[in-house]
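Here's the structure, in C-alpha cells; my notes come after.
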Amino acid sequence: MTSKEVKNRGAKSLKEVQTVTEGLKMLYRQKLLPLEKYYSFSDFHSPSLEDAEFDNKPMILVVGQYSTGKTTFIRYLLEQDYPGGRTGPEPTTDCFTAIMHGDIQRVIPGNALVVDPNKPFRKLNPFGNTFLNRFQCVHFPSQVLESISIIDTPGILSSSEKRISRGYDFPAVLHWFAEHVDRIILLCDAHKLELSDEFSRTITALRGNEDKLRVVLNKADMVDSQQLMRVYGALMWSLGKVFHTPEVPRVYIGSFWSAPLRKTDNRRLFQQEEEDLFADIQNLPRNSALRKLNDLVKRARLVRAHAHIISSLKEEMPLIFRRDNKKRDLIYDLPVIFSRIQQQHQISPGDFPDCAKMQERLMNHDFTKFKALKPKLIVNLDELLTNDIAKLMPLLRQEELEAADQPGVQGGVFLGMDRGPFFEGNPFYYTGPSGECDEISGESWVVSKDKPKYDEIFYNLSPHEGKLSGTKVKDWMVRTRLPSSVLGRIWKLSDVDCDGMLDDEEFALASHLIEVKLEGFGLPPKLPSHLVPPSKRRRKASNIENEDCENA
C-alpha cells in the first residue's frame with residue numbers, strides 16, 4: 001500500500017511539472033540516480049548529473065588541430081574578441097576556455113569554477129590540478145552568448161612526444177565535454193589533413209556522440225576548385241578510417257573568418273555551407289530540451305546494461321576460494337558475458353559500453369563488493385524508459401511550438417543572415433519602409449569627408465530615381481571578397497529605411513563600413529547615431545517603429 005502511494009505521488013509530480021527540464025531532473029533524481037549509486041556507475045562511466053547540467057544554456061565544443069582556426073571561428077561567431085583569445089600559426093590556445101555571458105567582463109580560474117554550483121563543471125574536479133590550471137571561464141557581454149555558451153579547446157598536437165607533456169588525460173576531458181554539450185564543431189585545415197595519433201584518440205573520445213558532431217573544412221578559400229575537390233575527398237577518406245564506419249558526419253566547407261576571400265571561385269558554395277551551419281547553430285536553443293531528453297534516455301539505457309553486467313559478475317564470483325583467478329577469467333570472458341546478457345534480458349548491443357575499456361576498469365575493482373540485481377530498481381528504470389519519458393512528449397511538443405516563434409541565436413555574425421540581398425532564401429523580400437528612424441541629434445556625420453569618392457562609385461553604377469537596387473549593390477559589394485555574412489551585416493546597417501535599395505547616403509555608409517571592416521575592425525550590432533545619414537536623422541518614427549526594421 002505504501003509503495004502504491006509513493007508511485008502515485010511520483011505520477012502526480014510528473015503531471016505537475018511545467019517544463020521538460022524540470023521533469024527530466026525529477027525523473028533522474030527519483031529513478032535513475034538511485035540505480036547509478038547502487039551499482040557505482042560513476043566509477044566506470046561518467047559522474048552523476050547535477051541540476052546545473054540540466055539548467056545550463058546550450059554549449060558548443062570547438063575542437064581541432066592547432067592552427068585550424070578554432071579561436072578565429074569563435075571570434076567570427078561573436079563578431080568581437082574575447083579575453084584570453086589569441087591566434088597564431090603555432091599552438092596559441094593552451095587552455096580549455098568556457099566562454100559564457102556576463103554583464104561584467106571577468107575570468108574565473110578552473111579551481112574556483114569547479115566549486116560553483118551554478119556552473120555545469122563541478123564534475124571536472126577529478127581530472128586534477130594539472131587540468132584545472134588549464135581550465136578557465138570567461139564572462140563578458142555578448143548578444144550571442146545570451147543564448148549559447150562556447151568551449152574553446154587546446155589544439156590537437158601532431159607529435160606524440162608533445163602529447164605526454166599535457167599532464168592530464170586530454171581525450172578523457174574531451175569525452176566529458178562531448179557528453180555534456182549540444183554541438184561539437186570539429187575544425188580541419190584544408191592545408192593540413194594529416195591525422196596524428198592524438199587526433200585519432202580525440203576522434204575515439206567523441207564516439208557515441210556522432211549525432212552532435214559537425215565537421216568543418218576551414219580555410220577553403222586558399223585553394224582553387226580542383227584542389228578543393230581533392231582535399232575534400234582526402235578528408236572524407238581519412239575520417240572514414242578514423243571513425244571505422246562508411247558513414248561520416250556532414251562536412252561543411254568554407255572560410256570562417258572576416259578577412260577577404262583569397263580565391264573567390266567557390267564563393268557561392270561557401271555562402272550556402274555557412275548558412276547551413278549557422279542555421280544549425282541558431283536552432284540549438286529551440287532543440288535544447290530535446291537534446292537533454294535524448295541524452296538522459298541514452299544514459300538510462302547504459303545504466304541498465306551496466307547494472308546487469310555488475311550483477312552478473314557478482315553471481316559468478318565464488319564465496320571464498322580462487323577469487324583472483326575467477327576475476328581474471330571473468331574479465332577475459334567479458335564479451336561472452338555481454339552476449340549472454342543481451343539474449344537473456346533483450347538488451348540491444350548498442351546499449352553496452354566499450355568492452356575493452358570495461359575490461360580495463362574492472363581490473364581495479366573488487367568483484368566481491370559488487371551488488372546483486374535489485375528488481376525494484378530495474379522496474380523503476382524500465383518504467384522511466386517506457387512510460388515516464390512518453391508522458392513528457394506533449395510538454396516537449398508544446399515547448400517546440402513556442403520556441404518556433406523565437407529567433408534562436410541572435411547577435412554577432414547572425415545579424416546579417418536574415419534579410420537583404422545576401423539572404424539566399426528569398427533575397428529581395430522586405431518588410432517595407434513602413435517604419436522610419438527616430439530623430440537623432442545633429443552631430444557630424446563621419447562619412448562626409450569621403451562622400452565625394454563614394455558618390456563617384458554610386459553614380460557609375462547607374463542608380464534609378466536616385467537609388468541602387470539590391471542586385472547592383474550586391475554585385476559591387478561582392479568584389480570586396482568579404483564573406484557574405486559580413487556583407488549581409490553591412491547591408492542591414494546601411495539600408496536605414498529598409499526599402500531594399502540604397503540612396504547615395506546609404507551607399508556611402510555601406511562603403512565606409514566596408515573600408516572599416518577591411519582594416520580589421522568589427523561592426524557595431526546597431527548603427528550608432530554618428531553613422532546615421534543626415535537625411536535619415538530628421539525622420540521621426542511613425543506608428544510602426546523602425547525597431548521592426550532592425551529585427552526583420
Side-chain angles (χ1 to χ4, degrees), residues 59-100 136 138 140 142-145 148-158 183-193 199 202 214-223 228 231 235 251-264 266-267 270-271 273-278 280-281 409 411-417 480-490 516-523 525:
M59 291 194 296
I60 299 175
L61 178 67
V62 182
V63 186
Q65 292 179 289
Y66 71 90
S67 192
T68 53
K70 297 184 301 299
T71 302
T72 303
F73 176 82
I74 296 172
R75 290 167 59 184
Y76 186 52
L77 289 181
L78 301 177
E79 269 286 323
Q80 65 182 110
D81 292 328
Y82 63 89
R86 297 183 297 118
T87 60
E90 77 285 0
T92 53
T93 302
D94 61 348
C95 291
F96 283 82
T97 303
I99 307 166
M100 310 182 82
Q136 63 182 4
V138 173
F140 71 101
S142 168
Q143 190 177 0
V144 175
L145 298 177
I148 60 174
S149 299
I150 304 174
I151 311 295
D152 194 7
T153 63
I156 300 170
L157 302 175
S158 57
R183 187 68 72 236
I184 305 168
I185 305 294
L186 177 61
L187 284 163
C188 300
D189 191 332
H191 280 91
K192 187 171 58 178
L193 291 181
F199 189 90
T202 299
R214 303 292 184 270
V215 180
V216 174
L217 179 59
N218 199 19
K219 303 183 181 180
D221 67 318
M222 296 184 179
V223 297
L228 182 61
V231 168
L235 176 63
V251 176
Y252 296 85
I253 305 171
S255 292
F256 294 87
W257 55 2
S258 298
L261 301 177
R262 303 283 183 88
K263 297 181 184 296
T264 59
N266 299 295
R267 182 188 186 93
F270 298 163
Q271 181 176 343
E273 294 284 282
E274 182 176 291
E275 287 174 358
D276 288 350
L277 178 60
F278 288 172
D280 182 69
I281 293 175
V409 180
V413 74
F414 302 102
L415 287 175
M417 295 181 59
T480 65
R481 297 192 173 190
L482 286 171
S484 295
S485 58
V486 175
L487 295 178
R489 288 279 312 281
I490 293 173
V516 167
K517 193 62 188 175
L518 288 173
E519 290 174 2
F521 297 98
L523 296 172

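Atoms considered below: every heavy atom in the structure, side chains included; atoms not considered: hydrogens, waters and symmetry mates. Remember, predicted model here, so these are calculated numbers, not experimental data.
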(message) For a quick test of reading the model, state the closest non-hydrogen atom pair linking Ala259 to Leu482 and the distance between them.
(response) C-CD2, 4.4 Å

(message) Please determine whether side chain to side chain contact (heavy atoms under 4.5 Å, CB included) holds for the pair Thr68 and Ile156, giving the CA-CA distance in whole Å, both sets of side-chain angles, and the decisive distance to 0.1 Å.
(response) CA-CA 10 Å; Thr68 53; Ile156 300 170; over 6 Å; no

(request) Test side-chain hydrogen bond (donor to acceptor under 3.5 Å, both in side chains) on Ser484 and Glu274 and set out the steps. (result) CA-CA 9 Å; Ser484 295; Glu274 182 176 291; over 6 Å; no

(request) Determine, step by step, whether Ile490 and Val486 satisfy the side chain to side chain contact (heavy atoms under 4.5 Å, CB included) criterion, reporting the C-alpha distance in whole Å, the side-chain angles of both residues, the deciding distance to 0.1 Å, and the verdict. (result) CA-CA 6 Å; Ile490 293 173; Val486 175; 4.3 Å; yes

(request) Any chance you could measure Ile151, atom CD1, to Ile99, atom CD1, to the nearest 0.5 Å? (result) 7.5 Å

(request) Could you pull out the closest heavy-atom pair between Ser255 and Asp221, with the gap in Å? (result) OG-OD1, 2.5 Å

(message) Looking at Asn218 and Phe256, would you say the former's side chain and the latter's main chain have a donor-acceptor pair under 3.5 Å?
(response) yes

(request) Starting from the C-alpha separation in whole Å, work towards a yes-or-no answer on side chain to side chain contact (heavy atoms under 4.5 Å, CB included) for Phe73 and Ile150. (result) CA-CA 11 Å; Phe73 176 82; Ile150 304 174; over 6 Å; no

(message) Are Asn266 and Leu261 packed together at the side-chain level, in the sense that at least one heavy-atom pair is separated by less than 4.5 angstrom?
(response) no

(request) Examine distances only and state if a side-chain atom of Arg481 and a backbone atom of Arg262 form a donor-acceptor pair shorter than 3.5 Å. (result) yes

(message) Does this structure show an ion pair linking Asp189 with Lys219, if we count only N-O contacts that are shorter than 4.0 Å?
(response) yes

(message) Looking at every heavy atom in both Leu228 and Ala220, which two are closest together, and how far apart are they?
(response) CD1-CB, 3.8 Å

(message) Taking the side chain as everything from C-beta on, heavy atoms only, tell me whether Phe278 gets closer than 4.5 Å to Tyr252.
(response) no

(request) Give a yes or no on whether the backbone of Gln65 and the side-chain of Lys70 come within a donor-acceptor separation of less than 3.5 Å. (result) yes

(request) Check Tyr76 against Ser258 and note the closest heavy-atom contact, atom names and distance. (result) CD1-OG, 3.5 Å

(message) Do Leu518 and Pro260 have side chains that approach each other closer than 4.5 Å (heavy atoms only, starting at C-beta)?
(response) yes

(message) Any non-hydrogen side-chain atom of Arg489 less than 4.5 Å from a side-chain atom of Glu79?
(response) yes

(message) Using 0.5 Å steps for rounding, measure from the OG atom of Ser149 to the CE atom of Met59.
(response) 7.0 Å

(request) Might you point out which heavy atoms bring Cys95 and Pro154 nearest each other, and give the distance in Å? (result) O-CD, 3.5 Å

(message) Just so I know, are the side chains of Ile148 and Leu77 near enough to count as touching, which here means a heavy-atom distance under 4.5 Å?
(response) no

(request) Would you mind telling me which of Thr153, Thr97, Asp152, Asp81 makes a side-chain hydrogen bond (donor to acceptor under 3.5 Å, both in side chains) with Thr71? (result) Asp152

(message) With a 4.5 Å cut-off on side-chain heavy atoms, are Phe140 and Leu78 touching?
(response) yes

(message) Once rounded to the nearest 0.5 Å, what's the spacing between atom CG of Leu187 and atom CZ of Arg214?
(response) 14.0 Å

